[in-house]
Every structure is written in structure tokens, then in C-alpha cells.
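Below is the structure I would like to discuss, written out as C-alpha cells.
Each residue takes its place number in the sequence, starting with 1.
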Amino acid sequence: MIPSNPSVRVAAIDALLSGLVDYAGLFPPASEGMREALENYASYLASDDRSALGRFIVPISRLKELEDAGSGLMARDPGSEPWRLSVLVAGDVRAAGEEMLRFNSRHGSGWNEGHAVIDVVELKATTADDVGRQRSELPPSFTPYFEIPIEDDVSRFVKAIARAGARAKIRTGGVTPESIPPAADVVKFIAACRREGVPFKATAGLHHPIRGTYKLTYEPDSPVGTMYGFLNVFVASALVYAGESDETAVAALEETDRQAFAFEDDAIVWRDKRIPAELVEAARRDFAISFGSCSFREPIDELRPLSRRPLSNDQ
């Protein structure tokens, strides 16, 4: 049993879900138009489940389009909470950084342009040297996540990310069965991040809470594949964070039985492992940060029957 701290009072479901889902409606398989995606994001911010909503993800090439389409949707009150944006950057990192700084300057107050802030940047590294180089070209005010390959020596990449003071990103699926990585590789990535003290986020293929066979797109003739559940991924991450073995984490990641998971007020339970809510909270805050999904409603609505209680909005 993982030890708990009885002085801490936080509901396990709230610890799991707070800011968990970064909304990527612009991306496949949803591929929404900009206005539709922004309207959806605004509606989620006003919904009862808003505490689970993280950042809006947008590629740097569509940042101006976001400004134009979102001008009537973003709050303009200087005292309002800004929309939080994560920007995908490819190409000239230095130029992208300057463009994002200008965006934040225009939208920081909310008076005229709408209140929004870019605070996260997502990049790709194909070599370990890419990490330090791209980090040095990015203004220090942004928190960078580096998507890295996980099939080879992932520890070399994660060490480079740690040296750069950055964060890691793992692709956990896609629109083809071949894009779903083996569980052992996913856990190897998670364990490397734990060893090096590197927070991470996941992206792709986590529309459902529990691992199972699902359609990979919304098309009638969509291929099917065995997708990871986001609950599997974040329970496995919490177990690694708590010092459990890689073998235990792989078993949690590959779990397909919904009845093997349970939510108590003060813990998440998977089989004989009880993860206290305060440990879930710490793992989410410091380690397993979020996941990107082109759907917000699908993962949240599917989790509800498992959690058996409404989300809190007091976070």
C-alpha cells in the first residue's frame, strides 16, 4: 500500500482531473475549424466540468487566425482569467518566440484584443542536441515541452531535457494502429522522466478512460486499434512517481477491466494498489501534467460513470 498523509484533504477525482485535458480540437481526428474549436473551448470554460480543462493548443502558423476568430470570444475585462494557450512550434524557433511575445503583449491586459496568454510551447526533438539548441532560442518566459522518440534510447533525450530545464512529451497514439507505442516503451519513457525529475505531458489516442479496442477516427470506415486509456496512463504514472516497479506500471497501463479501477473520496484504487489523493495531486502537479485531446467531452463524459461523483469547480 502506498502511504498517505491524513492531514491532506483533497478529493481523488479532483486531484486527477484538475487541468488535465489540453484541448486540441484543431487537430485530427476532430480537425475542427478555428471558430468552431474556439467556440467549443469557450463553452467548456463555462461548463460544470471547467476544472478539468487545460490549455487551448494551436500551431504557430495559425496564431493570427486564432486572434481574428477569437476576438469576440475572449474576455476583455482586465480582471478576468486569461485563456491559456499552448503553441506548437516548428521551424524558426527564435522568430516564433518573438511572435509569441508580441501576442502576449497585445493580449495581456484584455482591454481591446481579448485576454489570453501563451505560456507553454511544444516542440519536437529528433536528436538530443536539438533540445538544448531549441531551448536556447526560446524566450525563458515560456515553458517548453519536447516531443521525443521513445523507441530507442529515451533516457538520452530525457537527460538532455533535464539539463535544459524543460519538459517532455510523449505521443501515445494516432489515427493508425501502428502509431500506438508498446506499453513497455511508454513506461520506459515515464520511468526515465521520474529518474531525471522531468515533468511530461501526453498526446494523441487518449479519448477514453480505459484501455480497449476503439475506432481511431470519427469516420464510418475508421480503422480500429487497442488504445490506451488516459486513466491507465495517469495511474501508471502515479505508481511510477510513488516508486512502484516498471512491471507494475506496465500492468496498470495494459489494464482493460473497468472494474479493476475505483474512486474513493481520498484515493484512486487499481486492483491491490491504493493511491492516496494527495499523491495523485503531487504527481499531477509535478510530474504527469496533462494530455492533449481533440475532444474534451468524450474523455470527461466517459469517466463520469466510473467516478460516481460530479467534478468540483472550486479549483
Atom pair OG1 (T143) and CD1 (I118), whose distance is rounded to the nearest 0.5 Å: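 It comes to 12.5 Å.
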Exam field: side chain S136 to backbone R133, donor-acceptor pair closer than 3.5 Å: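 Flag set: sc S136 to bb R133 pair under 3.5 Å.
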Shortest non-hydrogen separation from A162 to E196 and the atoms involved: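 Closest heavy-atom pair between A162 and E196: CB-O, 3.9 Å.
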Polar side-chain atom of Y228 near backbone of P181 as donor-acceptor pair, under 3.5 Å: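 The answer is yes, because a donor-acceptor pair under 3.5 Å joins these two groups.
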Verdict with supporting geometry, K124 and D130, salt bridge (Lys or Arg N to Asp or Glu O under 4.0 Å): CA-CA 8 Å; K124 283 188 177 182; D130 286 344; over 6 Å; no
Joint hydrophobic cluster, F142 plus L88, side-chain heavy atoms closer than 4.5 Å: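 Linked, F142 and L88 end up in one cluster.
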Non-hydrogen side-chain atoms of L17 and L303 separated by less than 4.5 Å: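 The answer is yes, as the side chains (C-beta and beyond) meet within the 4.5 Å cut-off.
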Euclidean distance, L279 CG relative to L239 CG, rounded to 0.5 Å: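 One finds 8.5 Å between CG of L239 and CG of L279.
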T217 and P28, any side-chain heavy atoms less than 4.5 Å apart: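 Side chain of P28 against side chain of T217, heavy atoms only: no contact under 4.5 Å found.
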Donor-acceptor contact present, side-chain S105 to main-chain L101, <3.5 Å: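 Between the backbone of L101 and the side chain of S105 there is no qualifying donor-acceptor contact (under 3.5 Å).
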P223 to V175 - nearest heavy-atom pair and separation: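 Scanning both residues completely, I find the closest heavy atoms to be CG-O, 3.5 Å.
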E36, CD: over 12 other non-hydrogen atoms inside 6.0 angstrom: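 Counting neighbours around CD of E36, more than 12 heavy atoms of other residues, nucleotides or ligands fall under 6.0 Å, so yes.
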All pairs passing side chain to side chain donor-acceptor pair (under 3.5 Å) where residues 146-166 contributes a residue, at least two apart: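 Of all non-adjacent pairs touching residues 146-166, those that pass side chain to side chain donor-acceptor pair (under 3.5 Å) are E147-R171, D153-S155.
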Lys/Arg N to Asp/Glu carboxylate O, D266 vs R274, below 4.0 Å: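 Looking at R274 together with D266, the answer is yes, because their closest N to O distance falls below 4.0 Å.
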Side-chain (R284) to main-chain (I289) donor-acceptor, under 3.5 angstrom: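 Yes, R284 side chain to I289 backbone: donor-acceptor pair under 3.5 Å.
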Derivation and outcome, side-chain contact (heavy atoms from CB on, under 4.5 Å), residues L216 and S222: CA-CA 6 Å; L216 300 181; S222 169; 4.2 Å; yes
Any donor-acceptor pair under 3.5 Å from R55 side chain to G19 backbone: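 Flag not set: sc R55 to bb G19 has no pair under 3.5 Å.
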Derivation and outcome, side-chain contact (heavy atoms from CB on, under 4.5 Å), residues D257 and R271: CA-CA 10 Å; D257 184 1; R271 296 199 178 273; 4.0 Å; yes
Heavy-atom donor-acceptor pair, R211 side chain to G229 backbone, under 3.5 Å: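 No; zero donor-acceptor contacts below 3.5 Å.
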Y145 reachable from V58 in the ILVMFWY side-chain graph, under 4.5 Å edges: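 Unlinked, V58 and Y145 end up in two clusters.
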Separation between CZ of F234 and CG of L20, rounded to the nearest 0.5 Å: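 Spacing of CZ (F234) from CG (L20) equals 5.0 Å.
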Ring-ring centroid check W83 Y41, cutoff 6.0 Å: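 Yes.
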ILVMFWY network linking L138 to V131, side-chain heavy atoms under 4.5 angstrom: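 Yes, it is one cluster - the side chains of L138 and V131 are joined through contacts under 4.5 Å.
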Stepwise side-chain contact (heavy atoms from CB on, under 4.5 Å) test for H115 and M74: CA-CA 6 Å; H115 202 185; M74 294 183 234; 5.6 Å; no
W270 side chain reached by I275 side chain, heavy atoms, under 4.5 Å: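 When only atoms from C-beta onward are counted, W270 and I275 do not touch, as no gap falls below 4.5 Å.
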Aromatic plane relationship, Y44 with F296 - under 30° parallel, 30 to 60° tilted, over 60° perpendicular: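 Correct class here is tilted.
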Under 3.5 Å side-chain donor-acceptor pair for H107 and E67: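 E67 and H107 do have a side-chain donor-acceptor pair below 3.5 Å.
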Shared hydrophobic cluster, L73 / V117 (ILVMFWY, side-chain heavy atoms < 4.5 Å):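 No.
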E298 side, atom CD; Y214 side, atom OH - distance, nearest 0.5 Å: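 Here the rounded value is 9.5 Å.
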From CA spacing to verdict: salt bridge (Lys or Arg N to Asp or Glu O under 4.0 Å), R35, E39: CA-CA 6 Å; R35 180 69 184 191; E39 287 176 346; 3.0 Å; yes
Minimum side-chain heavy-atom gap L253-I190 below 4.5 Å: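 No - every pair of side-chain heavy atoms lies 4.5 Å or more apart.
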hydrophobic_cluster_shared for F291 and I13, side chain cutoff 4.5 Å: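 Yes.
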V121 backbone acceptor or donor facing S86 side chain under 3.5 Å: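 Absent.
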Exercise: identify the closest heavy-atom pair between R304 and D49: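 Smallest heavy-atom distance, with atoms named: NH2-OD2, 2.7 Å.
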Gap between atom CE of M227 and atom OG of S179 - 0.5 Å precision: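 Atom-to-atom, S179:OG and M227:CE are 8.5 Å apart.
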Side chain proximity check, I161 to F200, heavy atoms < 4.5 angstrom: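 Not touching, per the 4.5 Å side-chain cut-off.
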Heavy-atom side-chain contact between L231 and F263 under 4.5 Å: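 Heavy-atom side-chain distance check passes, below 4.5 Å.
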Closest contact, heavy atoms only, I57 versus G292: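 Nearest heavy atoms, I57 then G292: CD1-CA, 4.2 Å.
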Straight-line distance of R194 CZ to S237 OG, nearest 0.5 Å: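 The CZ atom of R194 sits 11.0 Å away from the OG atom of S237.
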T203 backbone acceptor or donor facing T172 side chain under 3.5 Å: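 Yes.
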I300, D22, L45 screened by side chain to side chain contact (heavy atoms under 4.5 Å, CB included) with L53, the one that passes: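 Considering I300, D22, L45, a side chain to side chain contact (heavy atoms under 4.5 Å, CB included) with L53 is found only for L45.
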Atom of A252, atom of N232 and distance for their closest heavy-atom approach: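 Residues A252 and N232, closest heavy atoms: O-ND2, 2.9 Å.
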Side chain proximity check, M34 to L66, heavy atoms < 4.5 angstrom: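 They are in side-chain contact.
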Flag side-chain contact, heavy atom, 4.5 Å: V89 against Q134: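 Sidechains of Q134 and V89: no contact.
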Shortest non-hydrogen contact between F157 and P149, atoms and distance: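 Shortest heavy-atom separation between F157 and P149 comes out as CZ-CG, 3.7 Å.
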